[in-house]
Amino acid sequence: MEPVIEVKNLKKYFPTANGILHAVDDVSLTIHRGKTLGVVGESGCGKSTLGRTIIHLQERTAGQIFLSGKDISDLKGKELTRAREKMQIIFQDPYSSLDPRKTVDATIREPLVVSKRYKKNEIDDVTAELMELVGIDNRLRMSYPHELDGGRRQRVGIARALALNPDFVVCDEPVSALDVSIQAQVLNLLKKLQQQKGLTYMFVTHNLSVVKHISDNICVMYLGQVVELCPSKELFKSPLHPYTKALLSAIPSVDIHNPNKPEILKGELSSPINPKPGCRFATRCRYAAEACRQPQKMEEVTPGHFVTCCRVKEVQK
């Protein structure tokens, strides 16, 4: 299966008054065409920064990014503009991501105009098609963002992201700001669009139930690093990293006879600023040993199941 996105040893650092913040640190992953990679982890672990760096909203510190086999790490100018047409993003907040001075029509047609691919009469037709595709009624064409509810605003954002027929879309927590009933509608819309257009998604979220529903593979991040990567069903059936186990134990259970028992993590959270070598979860891990102070490598423990933990055998017992 053809990989649409391939990332090798990607790093994104930010200078701060106290040192260098390692927001994304040595991340490697592959997303195949038509598939969804879910990215989960607690706030500040680098999920959104990873997505934004891949599509060049933020420039990387080091590493390589490949789009459909082409190295796009150092693209600039017109070449980067063309590559960006193939990579889009759906933002978390459907209100602040839309220009309050632009109507639904103006927002969706803007990328069509900027790309210079279409004539004026074609732009009108394509705009109407995009509105119908994402379920926005034509009567709302001249409405402004403040006149729409959250679900419709997010549909406008989705239509804008799909305007230039991208291959890859970063969904940066696209349903977290919506009501639960609207979340289901938007998730089903994203899945339908993926099937119709063969889209490839990176789906960033805190919600483990959502990521289980929509993802083919799941990547678990902790303080800028990938600690576990495997198929969605495998992760929920057999998590191997101690941090993943703690995350899954926090999912509420509807089974009153066998409820989940949340694992309470103790210890201090490591600083992502000038982090020390070794496992960054070690200060909160009950399996931690002296070996955890050494640099950790991601290893394939079972076919397709990658874990960054030198104590994985002890965790499995």
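Sequence positions, counted from 1, serve as the residue numbers for this chain. These figures come from a predicted structure and were not determined experimentally.
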From [atom1] ([X]) to [atom2] ([Y]), nearest 0.5 Å:
X	Y	atom1	atom2	answer
Leu50	Arg52	CG	CZ	12.0 Å
Asn18	Ser271	CG	OG	8.0 Å
Met131	Arg109	CE	CZ	10.5 Å
Gln195	Leu190	CD	CG	11.5 Å

Charged N to carboxylate O under 4.0 angstrom, [X] versus [Y]?
X	Y	value
Asp149	Arg153	no
Glu290	Arg293	yes
Lys116	Glu122	no
Asp25	Lys12	no
Arg117	Glu85	yes
Asp167	Arg33	yes
Arg152	Asp137	no
Glu110	Lys102	yes

Can a side-chain donor-acceptor contact be found between [Y] and [X] if the only test is distance below 3.5 angstrom?
X	Y	value
Thr308	Gln296	no
Thr36	Ser215	no
Gln92	Ser176	yes
Asp26	Gln225	no
Tyr118	Asp125	no
Glu300	His305	no

message: The test is side chain to side chain contact (heavy atoms under 4.5 Å, CB included); show your working for Thr16 and Ile20 and say whether it passes.
response: CA-CA 6 Å; Thr16 71; Ile20 304 298; over 6 Å; no
Kindly check if the number of other-residue, nucleotide or ligand heavy atoms within 6.0 Å of [atom1] ([X]) is above 12?
X	atom1	value
Lys245	NZ	yes
Glu147	CD	yes
Lys191	NZ	yes

Any donor and acceptor pair, going by atom type alone, linking the side chain of [X] with main-chain N or O of [Y] inside 3.5 Å?
X	Y	answer
Thr61	Tyr13	yes
Lys8	Ile65	no
Arg84	His56	yes
Ser232	Asn217	no
Arg60	Ser73	yes
Gln294	Gly278	no
Glu228	His241	yes
Ser249	Ala246	yes

- prompt: Under a single-linkage rule joining Ile, Leu, Val, Met, Phe, Trp and Tyr whose side-chain heavy atoms are separated by less than 4.5 Å, which residues share a cluster with Val227?
  reply: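 Noted: Val227 shares its cluster with Val40, Leu208, Val211, Ile218, Val220, Tyr222, Leu223, Leu235, Phe236, Tyr243, Leu247, Leu248, Ile251, Leu265, Leu269, Phe281.
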message: Listing request: all salt bridge (charged side-chain N to carboxylate O under 4.0 Å, His left out) pairs with a residue in residues 91-101, at least two apart in sequence or in separate chains.
response: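 Every salt bridge (charged side-chain N to carboxylate O under 4.0 Å, His left out) pair that includes a residue of residues 91-101, provided the two are not neighbours, is Asp99-Arg101.
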task: In sequence, state the C-alpha distance, the side-chain angles, and the governing distance for Thr244 and Leu240, and then conclude on side chain to side chain contact (heavy atoms under 4.5 Å, CB included).
output: CA-CA 7 Å; Thr244 308; Leu240 297 180; over 6 Å; no
- prompt: Step by step, would you call Thr49 with Phe14 a side chain to side chain contact (heavy atoms under 4.5 Å, CB included)?
  reply: CA-CA 11 Å; Thr49 303; Phe14 296 95; 4.1 Å; yes
- prompt: Do Leu148 and Val156 pass the side chain to side chain contact (heavy atoms under 4.5 Å, CB included) test, and can you show the C-alpha distance, the side-chain angles, and the key distance before you say yes or no?
  reply: CA-CA 10 Å; Leu148 306 175; Val156 174; 4.1 Å; yes
message: According to a hydrophobic-cluster definition based on side-chain heavy atoms being under 4.5 Å apart (Ile, Leu, Val, Met, Phe, Trp, Tyr only), do Val4 and Tyr201 belong together?
response: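 Unlinked, Val4 and Tyr201 end up in two clusters.
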task: In sequence, state the C-alpha distance, the side-chain angles, and the governing distance for Glu2 and His32, and then conclude on side-chain hydrogen bond (donor to acceptor under 3.5 Å, both in side chains).
output: CA-CA 6 Å; Glu2 177 191 359; His32 292 95; over 6 Å; no
- request: Begin with the C-alpha distance, continue with both residues' side-chain angles, and end with the deciding distance and a verdict on side-chain hydrogen bond (donor to acceptor under 3.5 Å, both in side chains) for Gln64 and Asp71.
  value: CA-CA 7 Å; Gln64 291 178 291; Asp71 190 344; 3.3 Å; yes
